[in-house]
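Single-structure report; data block below.
A, B, ... follow the sequence lines: proteins, then strands. Residue 1 opens every chain. Computed from heavy atoms alone, side chains included, the values below leave out hydrogens, waters and symmetry copies.
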Amino acid sequence: MLDRKYIVENAAAVKQNCANRGVEADVDRLVALEAKRRDLLNQVQELNRQANEVSKGIGKAKDAEEREAHKEAGRTLREEKERVQSEHDELDKEITTLQSGIPNLSHPDAPIGEDDKSNLEIRTGQHAPPEFDFTPLDHVDLAEKLDLIDFEGGARVAGAGFYFLKNDAVLLELALTQYALQMLIGEGFTPVTTPDLAYTEILHGTGYIPRGPETQIYSIENSNLNLVATAEITIGGLLAGQTVDAEELPLKICGSSHCFRTEAGAAGRASRGLYRVHQFTKVEMFAFTLPDQSEAMLDHFCELECRIFDGLGIPYRVVDTATGDLGGPAYRKFDLEAWMPGRGDGGEYGEVTSTSNCTDFQARRLNIRFRRKGEKGTQFVHTLNGTALAISRALIAVLENNQQADGSINVPEALRPWMGKDKIGLP
RNA sequence: GGAUGGGUGGCCGAGUGGUCGAAGGCGGCAGUCUUGAAAACUGCUGUACUCGUAAGGGUACCCUGGGUUCGAAUCCCAGCCCAUCCGCCA
């Protein structure tokens, strides 16, 4: 959420930003309503002040008659205050709704464009896409041959989009998790495993909208809980309502969680197999920083993602995400797209990680502040998130890029210590 | 699931319907003393919003939401959360 005062004082810039991001938001109405709301707020405060004064005078009243007169005056003032207050509260609610619809500001260097076609490639990985002297299979066929994934079983139990990992795929998931966590711990992250459910307010705070018609979130009936779509939600919520000392920042946390997504309306070839599923495991990076640390932290996160995929020997490119493709909370976002030989005709890049600097957009909603020693008041922290490894999509890249002519899969060097083998062979 | 006890400032912890933004302690900051430090002593020390160029006013906030009252941290109702014990259980 952007700051109200900021929106009012920079309405033109905010409107331009909405246009760049392809977001419809009635900024003018917000500005008008906010002026009115302020006026009402002042009235409420003045009425309260008068009522307080009257109440204080009651003890000093010299006789019963005067006391009664004071009481009556107090009653009238409080009633009037109630009236103005409820008018104010209604406006406040509407403004908050408008405000929630306004996306974060955008980094001046973020490419301007309405969708991912405007994303700008900014770097590529150490490894070039592999040349096969045979026709490579996609991960669904590979998994079938090697008995690694049971999609039918998943569908039987929970419907399309669910799956059982099987045999060496299970070890691969654990190996990938270990590989990522070990690297991040080495980089000073505090590892956590997080709840897989979170309160609706926490989802809202991080910019997710559960329980709407277009929601991507599973909710638990008769409760205020939702299955999380990413550990970003729970780790961000970890400090909700807290004020931390500036010296404690930046705080780097990495978490492993399950991720649940309804993926309403998504189907087709591009989401075959593991690419778009309702549940997967993900190792997530998260940081709470001082405002002047967040840009460097975003580069750091991007760097780590590259290191993780270079370490796995997977070819990739990194794109600077266009304004229209940023999503609400992100100020700037880098996506890492891995080469998937089985995707499309002859291979395509597919998004495997995403790292965003959300500046104070999430922190404002979550009310996460920091205090500098010796300074009055508090400020909002900046939050950043980045995928270290989304296991399901990483599996696609690992399986497809490392397939051999004989149908086996070479286990990437970096995973061998955790896998206990260097080849996934035919059963 | 059952029973009980709780939710008060950065933390601990008191609080009789008005003088309570809230005792006291701890912590923090500044000062006195000291060669320096510690100790001791003295003073200061919440947040947000709002009015004001400023100095400085004002309003709100004692888990949340309602209610009673001229007036609620305090009384009433509902809810949420936490802790402990019992039961069940990985």
Query - Interatomic distance where CZ belongs to A:Arg372 and C1' belongs to B:U45 [whole Å] - result: 20 Å
Query raised in the report: Distance between the P atoms of B:G25 and B:C62, in whole angstroms?
Result: 24 Å
Query raised in the report: Counting only side-chain N and O atoms of A:Lys5, is one of them less than 4.0 Å from OP1 or OP2 of B:C49?
Result: no
Query raised in the report: Would you call A:Ile409 and A:Lys423 a side-chain contact if the rule is heavy atoms closer than 4.5 Å?
Result: no
Report task. Taking A:Asp325 for its side chain and A:Thr321 for its backbone only, find out whether a donor-acceptor pair lies under 3.5 Å. Result -> no
Requested in this report: For residues A:Asp3 and A:Phe380, determine if any side-chain heavy atom of one lies less than 4.5 Å from a side-chain heavy atom of the other.
Outcome: no
Query raised in the report: What is the pairing partner of B:G52, taking Watson-Crick or G-U wobble pairs with both distances under 3.5 Å in any strand?
Result: none
Query - Interatomic spacing from CG in A:Asp360 to CZ in A:Arg364 - rounded to 0.5 Å - result: 4.0 Å
**Report entry** Separation of the P atoms in B:G79 and B:G10, to the nearest angstrom
**Finding:** 30 Å
Query raised in the report: So what's B:C75 paired with, Watson-Crick or G-U wobble, going by both distances under 3.5 Å?
Result: B:G67
Query - Nucleotide forming a Watson-Crick or wobble pair with B:G46, both distances under 3.5 Å - result: B:C61
**Report entry** Rounded distance in Å between the P positions of B:G18 and B:U74
**Finding:** 11 Å
Query raised in the report: When the C1' atoms of B:G28 and B:G46 are considered, how many whole Å apart are they?
Result: 13 Å
Report task. Could you state the atom-to-atom distance from CG of A:Leu197 to C1' of B:C81 in whole Å? Result -> 17 Å
**Report entry** Phosphate contact (B:C80 OP1 or OP2) by A:Tyr199 side-chain N/O below 4.0 Å
**Finding:** no
Report task. May I have the distance from A:Ile95 (atom CD1) to B:C49 (atom C1'), rounded to whole angstrom? Result -> 14 Å
Requested in this report: Using the P atom as the reference point in each nucleotide, state the distance between B:U19 and B:G56 in Å, no decimals.
Outcome: 25 Å
**Report entry** Nucleotide forming a Watson-Crick or wobble pair with B:U84, both distances under 3.5 Å
**Finding:** B:A3
Query raised in the report: What does A:Thr378 touch in the nucleic acid at a heavy-atom separation under 4.0 angstrom: a base, only the sugar-phosphate, or nothing?
Result: sugar-phosphate
Query raised in the report: In chain order, what residues pass the ring-ring contact (aromatic ring centres under 6.0 Å, His included) check against A:Tyr316, with sequence neighbours excluded?
Result: none
Query raised in the report: Tell me: CD of A:Gln242 to P of B:U47, nearest whole Å?
Result: 16 Å
Requested in this report: Could you measure between the two P atoms, the one in B:G9 and the one in B:U4, and give it in whole Å?
Outcome: 27 Å
Requested in this report: Hunt down the Watson-Crick or G-U wobble partner of B:C11, both distances under 3.5 Å, from any strand shown, or write none.
Outcome: B:G25
Query raised in the report: Are A:Leu384 and A:Phe286 side-chain neighbours, meaning at least one heavy-atom pair lies under 4.5 Å?
Result: no
Requested in this report: Nearest whole angstrom, please: distance from the P of B:A48 to the CD1 of A:Ile368.
Outcome: 16 Å
Requested in this report: For A:Arg29, check side-chain hydrogen bond (donor to acceptor under 3.5 Å, both in side chains) against everything at least two apart and list the hits.
Outcome: A:Glu94
Report task. Kindly check if the number of other-residue, nucleotide or ligand heavy atoms within 6.0 Å of CD (A:Glu247) is above 12? Result -> yes
Query raised in the report: Between A:Arg371 and A:Arg37, who's closer to the 5' end of RNA chain B by nearest nucleotide?
Result: A:Arg371
Requested in this report: Grab the CG-C1' distance between A:Leu47 and B:C51 for me, whole Å please.
Outcome: 15 Å
Report task. Please measure how far the P atom in B:C76 lies from the corresponding atom in B:U42, and state the result in whole Å. Result -> 41 Å
Query raised in the report: How would nucleotides 56-70 of chain B be written as a contact map, 5' to 3', with B for base contact, S for sugar-phosphate-only contact and - for no contact, using protein heavy atoms under 4.0 Å?
Result: --BBS---------B
Query - OP1 or OP2 of B:C51 under 4.0 Å from side-chain N/O of A:Arg38 - result: yes
Query raised in the report: Expressed in whole Å, how much space separates the P atoms belonging to B:G57 and B:C70?
Result: 31 Å
Requested in this report: Quick one: look up who B:C33 pairs with, Watson-Crick or G-U, both distances under 3.5 Å, and put none if it's unpaired.
Outcome: none
Query raised in the report: Can you check whether A:Glu248's main-chain N or O pairs, donor with acceptor, with A:Asp245's side chain at less than 3.5 Å?
Result: no
